[in-house]
Amino acid sequence: MRTIRATLLSIVMTCITFPVLAQSDVIKPGEERFTFGLGAVFNSFGTKLRIDNSNQGQTGDKVDLKDDLGVDQDASSFWATAEWRFAQRHRIGINYSQFKLTGTRTLTRTIVIDDETYQAGASLSSELKLQIIPIAYSYSFIKTGNDELAGTIGVHWTRVSFKAQGSFSTSVGGDANADVSAEADLPLPLFGLRYDHNFSERWSAGLQGAYFPLNFGSLDGDIWTARTYVEYRFSKHVGLGFAVEGFQLNVESSTGSWQGEVNYGYWGPQIYLKSRF
């Protein structure tokens with residue numbers, strides 16, 4: 001939360017300061033070599049998961065983190081990005097954000113997670129951590145003074161970590177605890193398009209989207225992402241942006257460190273500062 005406050009304060013101070021310092025020699029859109037961004041993200045999540053235990057031949061139950069475990073699905077985080085235009089039509093970029101979703105609830109049904117069975121009436125505390133790292137290369141098929149249309153290919157890397165701690169009463173009148181945890185790295189490919197339109201040297205807007213069906217090896221499912229943005233450049237190097245982004249991942253795996261399903265999606269607004277050189 002301190003990081004979010006600091007980011008928002010930085011953005012507010014920039015909004016106050018840069019109109020006074022604005023220069024006329026704004027870098028022409030599409031001519032920048034390096035771009036860096038920092039902002040705040042406010043996402044609403046929808047998350048379901050299933051963790052199997054192959055050693056015991058046990059299939060876990062599909063769990064809705066909000067409805068079954070009482071996890072708060074609204075979360076904020078910082079958002080960081082960097083992009084390098086190493087040739088006129090070629091760009092490569094990386095984004096990073098992380099989220100932690102927690103909750104505690106008395107179960108209303110029996111739930112099997114990994115090798116543990118939590119009976120109805122047990123108190124279960126859970127935590128889901130997500131690190132989201134998309135990396136993408138873009139090639140511009142069309143590049144004019146006002147418009148740029150590019151095809152993208154990349155990897156949407158998600159690091160997922162889940163843990164649950166349950167407490168319940170035993171049949172002999174005592175209390176007992178049972179913990180489970182699982183984590184997975186999901187580097188999944190994405191193919192898509194991005195379009196940027198420059199209304200002027202100071203105003204830009206754009207759309208981008210990507211999709212990939214997962215059906216290879218032990219993985220089955222699909223992944224998609226979409227984003228729209230508008231930016232205003234206060235000075236030669238710095239601008240303010242606002243965006244809305246949505247994402248959905250549905251994947252089932254029969255091997256690896258996490259066997260079962262991960263189904264999560266989010267959407268939400270972003271506000272950020274972007275510097276261009």
Side-chain angles (χ1 to χ4, degrees), residues 1-8 40-56 58-79 96-133 157-186 221 245-253 256-270:
M1 185 59 70
R2 292 180 180 177
T3 302
I4 300 300
R5 292 196 186 105
T7 302
L8 289 175
V41 186
F42 308 92
N43 279 345
S44 179
F45 286 82
T47 311
K48 298 179 182 179
L49 56 84
R50 191 190 85 234
I51 303 174
D52 302 334
N53 188 292
S54 60
N55 294 330
Q56 300 180 9
Q58 180 170 284
T59 300
D61 290 323
K62 196 167 186 176
V63 178
D64 186 305
L65 266 63
K66 179 182 179 181
D67 295 340
D68 293 321
L69 305 184
V71 171
D72 186 356
Q73 298 287 269
D74 296 323
S76 59
S77 175
F78 71 91
W79 173 82
Y96 180 85
S97 57
Q98 63 181 24
F99 299 89
K100 183 168 72 172
L101 311 174
T102 61
T104 300
R105 171 162 292 181
T106 300
L107 299 183
T108 57
R109 68 182 180 97
T110 298
I111 292 176
V112 177
I113 304 176
D114 197 0
D115 60 349
E116 296 291 347
T117 300
Y118 299 97
Q119 301 291 337
S123 177
L124 191 63
S125 298
S126 59
E127 177 184 273
L128 179 71
K129 291 182 179 179
L130 298 167
Q131 290 180 293
I132 303 170
I133 313 170
W157 197 305
T158 303
R159 178 168 294 172
V160 185
S161 174
F162 175 79
K163 62 181 180 181
Q165 181 180 42
S167 60
F168 49 90
S169 299
T170 66
S171 59
V172 295
D175 294 324
N177 295 304
D179 301 345
V180 295
S181 63
E183 60 182 16
D185 284 311
L186 300 172
E245 184 172 18
F247 173 83
Q248 184 69 45
L249 167 68
N250 303 295
V251 60
E252 183 172 5
S253 175
S257 58
W258 185 315
Q259 298 183 34
E261 290 185 60
V262 178
N263 302 317
Y264 88 89
Y266 62 80
W267 78 275
Q270 306 169 353

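Just so you know, these numbers use all the heavy atoms, side chains as well, and skip hydrogens, waters and symmetry mates.
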From CZ (F42) to CH2 (W79), nearest 0.5 Å:
13.0 Å
Which is it for K129 and E183 under the salt bridge (charged side-chain N to carboxylate O under 4.0 Å, His left out) test, yes or no, and what are the steps along the way?
CA-CA 9 Å; K129 291 182 179 179; E183 60 182 16; over 6 Å; no
Under a 3.5 Å distance rule, please check whether Q58 uses its side chain to pair with a backbone N or O of D114 as donor and acceptor.
yes
Contact between T110 and Q119 at the side-chain level, heavy atoms closer than 4.5 Å - yes or no?
yes
So, taking the atom named OG in S77 and the one named CG in N43, what distance separates them when rounded to the nearest 0.5 Å?
8.5 Å
Kindly compute the distance separating CD (Q98) from CD (Q131), expressed to the nearest 0.5 Å.
5.5 Å
Residues V71 and S126: closest non-hydrogen pair is CG2-OG, 3.4 Å
Taking all non-hydrogen atoms of both residues into account, name the closest pair between I51 and A182 and its distance.
CD1-CB, 3.8 Å
Tell me, do Y118 and E116 make a side-chain contact under 4.5 Å, heavy atoms counted?
yes
Would you check if the side chain of T47 reaches a backbone N or O of Y264 as a donor-acceptor pair within less than 3.5 Å?
no
Flag side-chain contact, heavy atom, 4.5 Å: I111 against D68
yes
Looking only at heavy atoms, which two atoms of G166 and D179 are closest? And how far apart?
N-OD1, 4.2 Å
Mark yes or no for whether R50, through its side chain, and N263, through its backbone, hold a donor-acceptor pair below 3.5 Å.
no
Please test Q259 against S253 for side-chain hydrogen bond (donor to acceptor under 3.5 Å, both in side chains), starting from the C-alpha separation and ending with a verdict.
CA-CA 5 Å; Q259 298 183 34; S253 175; over 6 Å; no
Find the distance between CD (Q73) and CG (L128) and round it off to the nearest 0.5 Å.
8.5 Å
Heavy atoms, side chains only, cut-off 4.5 Å: are I132 and Y266 in contact?
yes
Distance col, row L49:CG vs L69:CG, nearest 0.5 angstrom, shows 7.5 Å
Please give me the minimum heavy-atom distance between R105 and D67, naming the atom from each residue.
NH1-O, 2.6 Å
Assess whether side-chain hydrogen bond (donor to acceptor under 3.5 Å, both in side chains) is satisfied between D52 and T59, documenting all intermediate values.
CA-CA 5 Å; D52 302 334; T59 300; 4.6 Å; no
Closest contact, heavy atoms only, D64 versus K48
OD2-CE, 3.3 Å
Tightest non-hydrogen contact, residues S125 and T104, listed as OG-OG1, 3.0 Å
Rounded to the nearest 0.5 Å, what separates atom CG in D61 from atom CD1 in I113?
8.0 Å
With a 3.5 Å distance limit and no angle check, can you tell me whether D185 reaches the backbone of R159 through a side-chain donor-acceptor pair?
no
Any non-hydrogen side-chain atom of V160 less than 4.5 Å from a side-chain atom of L130?
yes
State, yes or no, whether a side-chain contact exists between V41 and E245 at a heavy-atom distance under 4.5 Å.
no
